[in-house]
Amino acid sequence: MELSIIGSGYVGTTIAACFADLGHDVVNVDIDDAIVDSLNAGQAPIHEPGLDELVETHAGDRLRATTDYDAVLDTDATFLALPTPSNDDGSIDLSAMKAAASSLGETLAQKDDAHLVVTKSTVVPTTTVEVIGPRIEEASGKTVGEEFDIAMNPEFLREGTAVEDFLSPDKIVLGAQSERAYEQLDEIFASLVERAGDPPVVKTGISEAEMIKYANNAFLASKISLANDLANICKEFGVDSEEVLDAIGLDARIGSAFLGAGLGWGGSCFPKDTAAIIAAARARGYEPRLLQAAVDVNDEQPKRMLELLEDRFDPEGKRVAVLGLSFKPGTDDVRNSRAILLIDHLLDAGADVVGYDPVATENMRAHFPNIDYATSAADALVDADAALVATDWDEFAALDAQFDEMRERVVIDGRRIVTRRDGLDYESLV
Ligand SMILES: NC(=O)C1=CN([C@@H]2O[C@H](COP(=O)(O)OP(=O)(O)OC[C@H]3O[C@@H](n4cnc5c(N)ncnc54)[C@H](O)[C@@H]3O)[C@@H](O)[C@H]2O)C=CC1
Ligand SMILES: O=C(O)[C@H]1O[C@H](OP(=O)(O)OP(=O)(O)OC[C@H]2O[C@@H](n3ccc(=O)[nH]c3=O)[C@H](O)[C@@H]2O)[C@H](O)[C@@H](O)[C@@H]1O
């Protein structure tokens, strides 16, 4: 089928390249010239394993990019993969979605055939029906359910494994309100369902699909926070939290995934999505206490890590290496990275900070242009008084003699990844 994807960030680029690989003709529409140029030159604008190869293979053939919304006119369906960040009060900021819906509506006014508009972005329940649909109607002069349909297809991919996750989903959720829309969605997803070995396809309402996405993220974020709460209790008793969490994960009802205790969850999604659904629930008069507690535990973990450092010395004038800047391994994304909270605090305390990350240095430089950046973990450790391990990149597990180059060998491990302990003043956060 002919598909258009509006928004070419982590999700838009990944799904465009994957849909092209699955045999669709895809055009990415983005307002950012640099992203469009990069895609048309056959280069992925973001770091994701396997994405470069897909973009290189399909660019100029089944995959192209443009800043011109008119490209939508040659397609059967449009996916909206726009950012849905947080307002200051945590509620969802729909400005990009609204702008894109209006632009799309103006374009669709020129289209004679029916069109399907699919919300891919994470949006609070009722957004597609009450905000996106009406905006497109207003700008196009057309009517939902007649000249165009709306649908919602939440995305569950993780950064760092985006291509693999998209192509091998645990489930595909299709929210729609007309048979015509379900049929078109079936057609779009048929090649993925076949390649992925027939995963469950959940057909549901549009607002249910929107809520499934929040429920999924809220559950996973809360599971990590519960693991952190339990690990903090373990630490009080001198009990090995890893052994405890590994053991409870063997219970099939609990499962071992997302029980990794440590510095907590960051990234562009868990923090904003928990905040958005909490704000949306409050706006309807419900206080989501458990979810708020999960957020509170998560906010505490970086503070606990800094306390462990400050138990050793006042960071003022000390050189502190922060190992790992991305919000998790496998990505260059630093949005809501725990490392940002650590660096902010260290700078406030007057420390001399050196950061290191295998791929996220340039993105972090935009946040902190004035700290030092090392080109290897070994370089970061030279003459450092302390090292804070913020991200569980595999290479940190292999560090050994490099610690001998530190001035004071204080190592606070936020991810329980460092294996060497001898000769170090080592403490794990959990
Ligand atoms: N990043 C992730 O791992 C996942 C993200 N999501 C959701 O997907 C949505 C998109 O997230 P990301 O891809 O991470 O965002 P992103 O910020 O990486 O990309 C968004 C893109 O939209 C473009 N854009 C903004 N306004 C536009 C407009 N009016 N017209 C055309 N393009 C416009 C931007 O230039 C940017 O390239 C969000 O709702 C997010 O919650 C869902 C699952 C996974
Ligand atoms: O909605 C989204 O955007 C995505 O959010 C998360 O994906 P992502 O944020 O890319 O990465 P995760 O692997 O979930 O990690 C999120 C954070 O949790 C932390 N984490 C993860 C797992 C764990 O056991 N412990 C833990 O602290 C990671 O370090 C990271 O900071 C979800 O896992 C995806 O299913 C979802 O599509």
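Here, residue 1 is the first one in the sequence, and each next residue gets the next number. Treat the numbers as computed from the prediction; the structure is a model and nothing was measured. Atoms within each ligand, like the ligands themselves, are counted from 1 in listed order.
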Less than 3.5 Å between some nitrogen or oxygen of [X] and one of ligand 2, yes or no?
X	result
Phe327	yes
Thr122	no
Lys213	yes
Gly260	yes
Trp265	no
Gly267	no

Record the part of [X] in heavy-atom contact with ligand 2 below 4.0 Å; permitted values are side chain, backbone, both and neither.
X	result
Leu157	backbone
Lys272	neither
Leu259	backbone

Need the ligand 1 atom indices (1-based, order shown) with element for anything under 4.0 Å from a heavy-atom of [X].
X	value
Ile35	37 (O)
Ser268	1 (N)
Lys272	40 (C), 41 (O)

Does any N or O atom in [X] lie less than 3.5 angstrom from one in ligand 1, N or O only?
X	answer
Glu155	no
Phe156	no
Asp273	no

Point to revise | Glu155: numbered ligand 2 atoms lying under 4.0 Å from its heavy atoms | key: 37 (O)
Review point. Between Phe19 and Phe79, is the ring centre distance below 6.0 Å?
Key: yes
Practice item. Indicate whether the side chain of Thr119 and that of Thr128 have a donor and an acceptor atom separated by less than 3.5 Å. Key: yes
Review point. Going by atom types alone, do His115 and Thr78 pair a side-chain donor with an acceptor below 3.5 Å?
Key: yes
**Study point:** Close approach, Tyr69 and ligand 1, non-hydrogen under 4.0 angstrom
**Key:** yes
Exercise for review: Do me a favour and list the nearest non-hydrogen protein atom to atom 2 (C) of ligand 1 with residue, atom name and distance?
Suggested key: Glu159 OE2, 3.5 Å
Review point. If you take all heavy atoms of Pro154 and Val173, which pair is closest and at what distance?
Key: CD-O, 3.5 Å
